[in-house]
Colleague: 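Just dropping this structure here.
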Amino acid sequence: MISSILVYGLVNSVILALIAIGFSLTFGISGVANFAYGGFYLLSGYLTWILLKYLGLPFIVAVFITIGAVGLLGFLIYWVILLRVRGIVLSEVIATFALGVGMLEFFRWKGFVTYEFTLPYFKKGMLLIADVPVDYQRLFIIAIGLALVLFLYIFTHHTRIGWSFRGIAQNERTAISLGIESDWTAALSLAFGSAMAAVAAISILPLGIISINMGYDVLLIAVAVGIVGGLESVPGILVASLILGYAQIITSMYISAEWMMVVYLAAIVLVLTIKPSGLFGKFKELEERV
Amino acid sequence: MKKSLFLSILVLFLTGFIAYPSSFALAAEPIVFGVPTALGSIEGRDGWMAIQMAVEEINAKGGVLVGGERRPLKAYSIDTREHEPGIPVHDALTAVEKLILEKKPNAIVLGAFRSEILMASMDLIAKYRLPYLCSIAMTPAYQKKIVQEYDKYKYCFRNCLNAIYLVKYLQGVMGFLAKEFGFNKAYVIVQDTLWAQATGKGLKKWYEKNNWEVAGFDAYPLGASDFSSSLIKVRAKKSQVIVPIFDMPQSGILLKQARALKIPALLCGFISPVAPGDAWEVFEGEVEGMVNFLFEIGPIPVKAVPRSVEFNQNFGKRWGEKPRVQLSGHGPGPSYDSVYIMADAITRAGTLEPDAIVSALEKTDMKGVVGRIRFAKDHQVVYGFDPEETALGCAFQWSKPGIRVPVFPELVAEAKIQLPPYMK
C-alpha cells in the first residue's frame, strides 16, 4: 500500500501541477486571474478530438495545432476583452468567468456530452514500479510535467520575452520605465497560460473522458493549488501540488474516493485562515505580518 | 358544370373521410404526456426518442380511444439536466413543475433520471395528481414510499428495472461464476448515488451470505474519472471479479484504466457507456470479456420477445442505424412501453380522470418490448427470467469481433460466460 501511495501520489501531484501552472503563470505576470481556464482546458480536449476524429490528422500534428490555436485564442482574448477591463480585478474575474462558462456551455449545447469523447493514450502498456502497476500514460505525464517546469525555468531566465515576464511580474511600473511593453507581455502571458492548459489537457485527458463538468473541476483545482501554494509562485504551485496530490491519494486509499474532492476545499479554507497569501505567496505578506 | 364540380369535391371529401378517419381523430383535443428528464444523458436521449416513436405510431393508428372518442397524443419534454454533477435537486424540480404548469400534461412518462430527483418529485406528482410512469431512476426507496403512503403516492409507477431486481440478476451471474470458475472474491465499485449504492449494498449482503469475500467497496462521486486507486487495491487483494455499478458517462474509462493497468479480474456489472453496440469501437476493443447488463431488453433484440425485435428494427428505421446501434442499456424499451402502457390504461379507464387511470394502470397486463408487463402492489413492474411471465433484463459479454453475446438468463443466453484472454 505504501508503494502505491508513493507512486500514485507523485502521479497525482504532477497532474495537479500541470493543471495549475498555466493559471498561476498568467496571474503571476499579468495579475489576471483567468477564470476561463477550465474552458481553455476543455476546448483543447475537444479540438484535439475533432482534429483526430474528423480530419484524421496524425496525433502529433493535432497536438501542435491545438496548443498553437488555444495559445493564440488566449492572446486574442487579452486584446479583445481584457484590455478594456485591465486593472479592475472584479471586472477581470467576471469577464473571464463568463467567457469560461460560455465556452463550457457551448459544448454542452452542441451535444458534446456522451462517453465517446476520449483522447488516445500516447502509448499503451504498463510498468511495474515497486510491484505497483503504472500505465505509460501516467509516466508520460510525469515526464511532461518535469519538462514543462524545466522549459519555464530556461525560458524565463534565458530569453528576452522571459525577462520581460519576470520584469512585469516583479514590478510593472519599473518594467514599463525600462521599455517593457506591459500589454504585450500580459497578452503573451495569457497565451502561454492558455497553451499550458492545452498541454495539460492533451496529457491528462487520455486517462478519462472529455466531459463538461471537468472544465469546472479544472478551475477548482487550479484555484485550490494556487491558493495553497501562492497564486503567483511557481515553486509554491509545485509544493502545493505535492501536498494536495498525496493528501488525495491517502484519502482515497484509507478513507474513500468520494472524499477526494473535499481535500481541495478543506485546504482552501485552512490556508485562507492561516496564511491568506498561500505558502509561498507574497501578495498579502505585509498584512499577514502586521 | 358547377353541379358536377360540387359533386366531385363531395365525393373526394367523403373518400378522404372514409379512408383516413385518423386525420379527423387528430383534430380532437390531444392527450398530453409530459417528459421531464435528463435529455443530455444517453438514457434520457434514447428514452425521449423511443417515446416520440411510440407517440407517432399511436397517432398513425388514429390516436388513443377515450370514452368512445379517438384523441391524438402529444408529448412535450423538458431537460432537467439532473445527470450532471452539481445540479441542485431544486433546479430539476423547477423544470418538472414548469412543464406541468405550461403544458398541463394528463400524465408523465419516462420521468426522473436520477433517483434523488425521483424521490423529491413524488410530492409534486401527488400535488398535481398526475399518473407518473418512471422508466429510468431505480431506487427501491420509491416503492417503499408508495406502500407506506399509498393514498398520497398512488399516482407513481415504475416500469424499468429497479435496484432490487438488478441485484437478483447480478446474483444469478455471480452464482454461475462461482460454479463455473470457482470465483469467491469480488470488489465492488459504485457511483455515489441512491440506486447504485442500493445495488452495491444489496449485492454485498448476498456475497456475505454466500461465502464470497468482498475485498473492497468504493463509492465515487459523479463526474469522477480516475479509478486507479480502486484498481490498485483490486490487484493487491487479488480479487477475481470487479463489480462496477455506474451510469455516468465518465465510467467507461474505468474499463480502459483496468486494461491499461492489466488488472487480472473479470469486470461484471453495469457500466452505462459499455452497453451500446458501438462501445467496442469507442473503447478500441478493450471491452473484450466484460460482462455488462442491459437492464431491460430492447437495445438487444430477443427472439423470444417479438416486440423487442420489432422495436429494435423500427428504432433504426425511424432514427437511423447509428442511434440504433448506440441504444443505451437502460431506459429505451421501458420508455417506449410507457406510452403504450399509459395509453392502454387511459382507454380502459375511459376517462382522463387521474384516479381512474391509476386503477387501470394497476390492472395492466400486456406484452411490451421488455416482456410481460404487470405491476406489483408496490407499483413496480415485475422482472424475472421468463418473458412470458415477467419483464426481462439480460447480461451479455463482449466478444470478438465486437459483438454482444447474451449470456444470462438461460432462456435468452446464446453462450456461456468465457474468461477473457487476460485471465486465462
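Predicted model only: the values in this text are computed from it and were never measured. Only this structure's heavy atoms are used, side chains among them; waters, hydrogens and symmetry mates stay out.
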Colleague: If I measure from the heavy atoms of chain A, does A219(B) come under 4.5 Å with its side chain, its backbone, both, or neither?
Modeller: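 For A219(B), backbone and side chain are both near chain A.
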Colleague: Is chain A contacted by the side chain of Q257(B), its backbone, both, or neither, given a heavy-atom distance below 4.5 Å?
Modeller: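 For Q257(B), backbone and side chain are both near chain A.
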Colleague: Specify whether W398(B) and F396(B) have parallel, tilted or perpendicular ring planes, treating 30° as the upper limit for parallel and 60° as the lower limit for perpendicular.
Modeller: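 W398(B) and F396(B): perpendicular rings.
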Colleague: So is K123(A) actually on top of F140(A)'s ring, under 6.0 Å and inside 45° of the axis?
Modeller: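 Because its charged atom misses either the 6.0 Å distance or the 45° angle limit, K123(A) does not stack over F140(A).
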Colleague: Can you tell whether the side chains of E84(B) and R114(B) come within less than 4.0 Å, N to carboxylate O?
Modeller: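 Result for this pair is no, no salt bridge flagged.
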Colleague: Pick one of side chain, backbone, both or neither for L128(A), based on which atoms fall under 4.5 Å of a heavy atom in chain B.
Modeller: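 The answer is the side chain of L128(A).
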Colleague: Select one option (side chain, backbone, both, neither) describing which atoms of A260(B) are under 4.5 Å from chain A's heavy atoms.
Modeller: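 Backbone plus side chain of A260(B), per the 4.5 Å heavy-atom cut-off to chain A.
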Colleague: Can you confirm whether or not the ring centre of F227(B) sits under 6.0 Å from the ring centre of Y220(B)?
Modeller: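 They qualify: ring centres under 6.0 Å apart.
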Colleague: Run the ring-centre check on F112(A) versus F117(A) and record whether the distance is less than 6.0 Å.
Modeller: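 Here the rings of F117(A) and F112(A) have centres that are less than 6.0 Å from each other.
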Colleague: May I ask you to list the residues in residues 98-108 of chain A that approach chain B closer than 4.5 angstrom, counting heavy atoms only, ordered by number?
Modeller: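 Those residues of residues 98-108 of chain A which have a heavy atom under 4.5 Å from chain B are E105(A), R108(A).
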Colleague: Quick check: does any side chain N or O of E82(B) sit under 3.5 Å from a backbone N or O of I117(B), one acting as donor and the other as acceptor?
Modeller: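 Absent.
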Colleague: Between F270(B) and A275(B), which heavy-atom pair has the shortest distance, and what is it?
Modeller: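 Looking at all heavy atoms of both residues, the shortest contact is CE1-CB, 4.5 Å.
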Colleague: Test your reading of the model: is there a side-chain donor-acceptor pair from Y246(A) to the backbone of L6(A), 3.5 Å cut-off?
Modeller: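 Yes, the answer is positive, given that a donor and an acceptor are paired below the 3.5 Å cut-off.
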Colleague: State, to 0.1 Å, how close P36(B) and T80(B) come at their nearest heavy-atom pair, and which atoms those are.
Modeller: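 In this case the closest contact between P36(B) and T80(B) is C-CG2, 4.0 Å.
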Colleague: With a 4.5 angstrom heavy-atom cut-off, could you sort out which part of N12(A) is near chain B: side chain, backbone, both or neither?
Modeller: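 Neither part.
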Colleague: For chain B, which of G208(A), P206(A), P120(A) has the most heavy-atom pairs under 4.5 Å?
Modeller: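 Top count of heavy-atom pairs under 4.5 Å with chain B: G208(A).
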Colleague: Looking only at side chains, do E213(B) and Y207(B) share a donor and an acceptor under 3.5 Å apart?
Modeller: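 No, no side-chain donor-acceptor pair sits under 3.5 Å.
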Colleague: Give, as side chain, backbone, both or neither, the part of V134(A) having an atom under 4.5 angstrom from any heavy atom of chain B.
Modeller: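 Interface part for V134(A): backbone (N, CA, C, O).
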Colleague: Please classify the contact between S252(A) and chain B as side chain, backbone, both or neither, with a heavy-atom cut-off of under 4.5 Å.
Modeller: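 Contact with chain B: backbone and side chain both.
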Colleague: Tell me, for L261(B) versus chain A, whether the close heavy atoms (under 4.5 Å) come from the side chain, the backbone, both or neither.
Modeller: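 Answer is both: backbone and side chain atoms of L261(B) are under 4.5 Å from chain A.
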